[in-house]
Amino acid sequence: PEDRPRVEQAIERLQDGHTAEIEHRVNEHEDYQRWVSVRGQPIRNDDGEVVRIVGSVMEITERKERERQLQQFRRAVESSGHAIYLTDRDGVIEYVNPAFETMTGYTAEEAIGETPQILRSGEHAPAFYEDLWETILDGQVWRNEVINRRKDGEQFMIDQTIAPVTDESGEITHFLAVNIDITEEQATERELAILRTAIDSAHSPLVLSDPHREDNPLVYVN
């Protein structure tokens with residue numbers, strides 16, 4: 001019922017002598033609802049009057065379901081707080097989500113068609129990337145911490161996971177990368193390491209207790 005107004009418009013186009021093509025649902029019951037693709041062509045007589053309509057109907061329920069699932073996946077990816085990008089088998093970027101744009105400073109238009117090399121900071125040796133490619137081309141998931149460079153030149157660190165995407169035959173067609181910015185966490189860990197080194201090297205005895213526990217136990221001594 002929800003699609004009937006559009007179908008009626010298509011019929012009016014056919015009656016006016018125009019070709020019409022439409023996708024719509026059939027059957028009122030949700031447990032047996034189907035999608036069809038309908039194409040109609042008017043047939044005219046010698047006077048140019050529409051006397052018949054010839055058409056074809058093809059069921060497209062499976063295709064519409066795949067499209068629905070794809071839309072759900074796309075919305076989930078675009079809403080994700082993690083920077084995500086998709087490349088083809090050669091590493092050429094085909095898609096980036098909004099979080100990628102925010103993290104890197106590159107817009108989707110600037111990144112698509114490029115490779116992730118636009119983010120390289122120069123901090124990793126070639127062997128680092130060789131291991132990455134050997135892993136994912138072998139069909140395995142690769143994960144590591146990577147120092148990258150934003151569009152403005154500022155370096156940042158990510159926890160990166162890259163997974164191969166395969167088709168129905170198991171052939172690798174794409175790679176999906178999920179990136180979590182850990183720059184602040186790494187800076188905090190470095191500060192804590194420096195502080196611990198300073199305390200451990202102090203010439204005076206230092207102790208740390210836990211006042212939140214009733215017996216106020218010692219939890220650290222240098």
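Since we're looking at a predicted model, the values are computed, not measured. We count residues from 1, following the sequence as given. Computed over heavy atoms, backbone and side chain alike; hydrogens, waters and symmetry mates excluded.
In R143, the CZ atom is not crowded: 12 or fewer heavy atoms of neighbouring residues, nucleotides or ligands sit closer than 6.0 Å. Applying the 6.0 Å contact sphere to CD of Q69 captures more than 12 heavy atoms from other residues, nucleotides or ligands. In the displayed structure, E214 atom CD is contacted under 6.0 Å by at most 12 heavy atoms of other residues, nucleotides or ligands. At most 12 non-hydrogen atoms from other residues, nucleotides or ligands lie less than 6.0 angstrom from CG of D46. Within 6.0 Å of atom CZ in R68, more than 12 heavy atoms from other residues, nucleotides or ligands are found, so the atom counts as buried in its surroundings.
Scanning both residues, A111 and I93, for their nearest heavy atoms gives O-CB, 3.6 Å. Here the shortest heavy-atom pairing between H174 and D88 reads CD2-CA, 3.9 Å. Nearest heavy-atom pair, R44 versus G48, reported as atom, atom and distance to 0.1 Å: NH1-O, 2.8 Å. Closest approach of E110 to G105, counting heavy atoms only: OE1-O, 4.0 Å.
Side-chain contact, T19 with Q41: a donor N or O sits under 3.5 Å from an acceptor N or O.
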Worked check of side chain to side chain donor-acceptor pair (under 3.5 Å) between N179 and Q160 | CA-CA 5 Å; N179 312 279; Q160 183 175 66; 2.7 Å; yes
Checking side chain to side chain donor-acceptor pair (under 3.5 Å) for the pair E59/T61: CA distance, chi angles, key distance, verdict?
-> CA-CA 6 Å; E59 183 174 349; T61 306; 2.9 Å; yes
Criterion side chain to side chain donor-acceptor pair (under 3.5 Å) on N216 and S209, from CA distance to verdict | CA-CA 6 Å; N216 195 29; S209 63; 3.2 Å; yes
Indicate every side-chain donor-acceptor pair of residues 127-140 with a distance under 3.5 Å to a residue at least two apart or in another chain.
{"unit_1": "D131", "atom_1": "OD2", "unit_2": "W142", "atom_2": "NE1", "d": "3.2"}
{"unit_1": "T135", "atom_1": "OG1", "unit_2": "D131", "atom_2": "O", "d": "2.8"}

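One hydrophobic cluster holds both I22 and I11 under the rule that ILVMFWY side chains link at heavy-atom gaps under 4.5 Å.
Evaluation of the ring-ring contact (aromatic ring centres under 6.0 Å, His included) test over residues 87-114, restricted to residues two or more places apart or in two chains, returns Y85-F100.
The shortest distance between side-chain heavy atoms of E23 and R63 falls below 4.5 Å. Taking the side chain as every heavy atom from C-beta outward, V50 and L14 never approach each other to under 4.5 Å. Side-chain contact between M157 and I147 is present, with heavy atoms from C-beta onward closer than 4.5 Å. Contact annotation: the side chain of R150 approaches that of M103 to within less than 4.5 Å [non-hydrogen atoms, C-beta and beyond]. A heavy-atom distance below 4.5 Å is not found between the side chains of V221 and P205.
A salt bridge does not link R4 to E8: none of the charged nitrogens lies less than 4.0 Å from a carboxylate oxygen. Salt-bridge formation is not detected for the pair E78/R75: no Lys NZ or Arg NE/NH1/NH2 atom is positioned less than 4.0 Å from an Asp or Glu carboxylate oxygen.
Checked by atom type and distance alone, the side chain of T115 never pairs as donor or acceptor with a backbone atom of V92 at under 3.5 Å. Distance alone, capped at 3.5 Å, places no donor-acceptor pair between the E94 side chain and the L86 backbone. Proximity of a side-chain donor or acceptor of D159 to a complementary backbone N or O of I180 within less than 3.5 Å is not detected.
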